[in-house]
Amino acid sequence: MHGEPDHSTSTSDAARTTDDSDEGADVDGRRPIYVTTGLLDVLLDMSEAAEPDPVSVVLTPTPAGEFDADLGIGSETPVLTHFYLPDAGQSVTAVFGLDLSTPAGRGRARFHAHPQGPREPTKRDDFAAAVLVAVPPWDRTAVRAYDRSGSRLAVREVDAVPPEETLDGASP
């Protein structure tokens, strides 16, 4: 269960590594994938609840500079903070063959839960610039990140709450 202690190494006050790469170092010099603790919790809970079915959701980032807290990373660095419900827009997608449920310019990352494995992207997965893949036992050690070509990336967990968003013209 993902409520167990996290044995990852600390990379700053706000970000820590959640995968088993070399002490949080970037994998082969590639930029790591940053994801909030809250989003990771929701994705793992959703995966466990859906088992034995797979889960695939679109993820969206918030620039690190928009957080109230200093995350210790560049202000333009994308931090995965939100997801689009997996069933949103399925009727439109089925009819037109296009994913119209994700706004243009959003969703450059995806999360896939593979209840029977493997812990890497498969040809059946929808690819994006970054892909997070999780397998049972649905804890942080079961999550890995990959780039579009399938090369492994480090996952860095950010223990911060994203800024509150409102609809244009609405007050929070």
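Just so we're clear, the structure is a prediction, and the values are computed from it rather than from any experiment.
At least one side-chain heavy atom of Thr36 sits less than 4.5 Å from a side-chain heavy atom of Val79. For the pair Thr37/Arg140, a side-chain contact is recorded, criterion being any heavy-atom separation below 4.5 Å from C-beta on. Contact check for Arg119 versus His114: no side-chain heavy atoms found under the 4.5 Å cut-off. Contact check for Pro115 versus Pro54: side-chain heavy atoms found under the 4.5 Å cut-off. Residues Tyr146 and Val133 meet the side-chain proximity criterion, which asks for heavy atoms closer than 4.5 Å. Annotation: side chain of Met46 is in contact with side chain of Phe83 (closest heavy-atom distance under 4.5 Å). Considering only heavy atoms from C-beta on, Gln116 comes within 4.5 Å of Pro52 through its side chain.
Of the inter-residue distances, the one linking Trp138 atom CH2 with Asp45 atom CG reads 11.5 Å to the nearest 0.5 angstrom. Note that CD of Glu66 is 11.0 Å distant from CG of Leu71, once rounded to the nearest 0.5 Å.
Considering every non-hydrogen atom in both Ser56 and His112, the closest pair reads OG-CE1, 3.0 Å. Closest heavy-atom contact between Leu153 and Asp147: CD1-N, 3.6 Å. Across Arg144 and Val155, no two heavy atoms sit closer than the pair C-CG2, 4.0 Å.
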**OP:** Please report the C-alpha distance between Leu80 and Leu132 in whole Å, then the side-chain angles of each, then the deciding distance to 0.1 Å, and finally whether the side-chain contact (heavy atoms from CB on, under 4.5 Å) criterion is met.
**Re:** CA-CA 10 Å; Leu80 297 174; Leu132 294 177; 4.0 Å; yes
**OP:** In sequence, state the C-alpha distance, the side-chain angles, and the governing distance for Leu59 and His82, and then conclude on side-chain contact (heavy atoms from CB on, under 4.5 Å).
**Re:** CA-CA 6 Å; Leu59 305 176; His82 297 84; over 6 Å; no
Original post:
What do the steps show when you test Phe67 against Thr62 for side-chain contact (heavy atoms from CB on, under 4.5 Å), and what is the final call?
Top reply: CA-CA 8 Å; Phe67 284 75; Thr62 300; 4.1 Å; yes
Original post:
Between Glu157 and Tyr34, is a side-chain contact (heavy atoms from CB on, under 4.5 Å) present by the stated rule, with each step listed?
Top reply: CA-CA 6 Å; Glu157 186 176 340; Tyr34 293 92; over 6 Å; no
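Note: the hydrophobic cluster containing Val135 does not contain Leu40 (ILVMFWY, side chain heavy atoms under 4.5 Å, direct or indirect links).
The backbone N or O of Ala142 sits less than 3.5 Å from a side-chain atom of Asp139, completing a donor-acceptor pair. Distance alone, capped at 3.5 Å, is enough to place a donor-acceptor pair between the Ser47 side chain and the Leu43 backbone.
Under a cut-off of 6.0 angstrom, the local environment of CG in Asp53 is crowded, with over 12 non-hydrogen atoms contributed by other residues, nucleotides or ligands.
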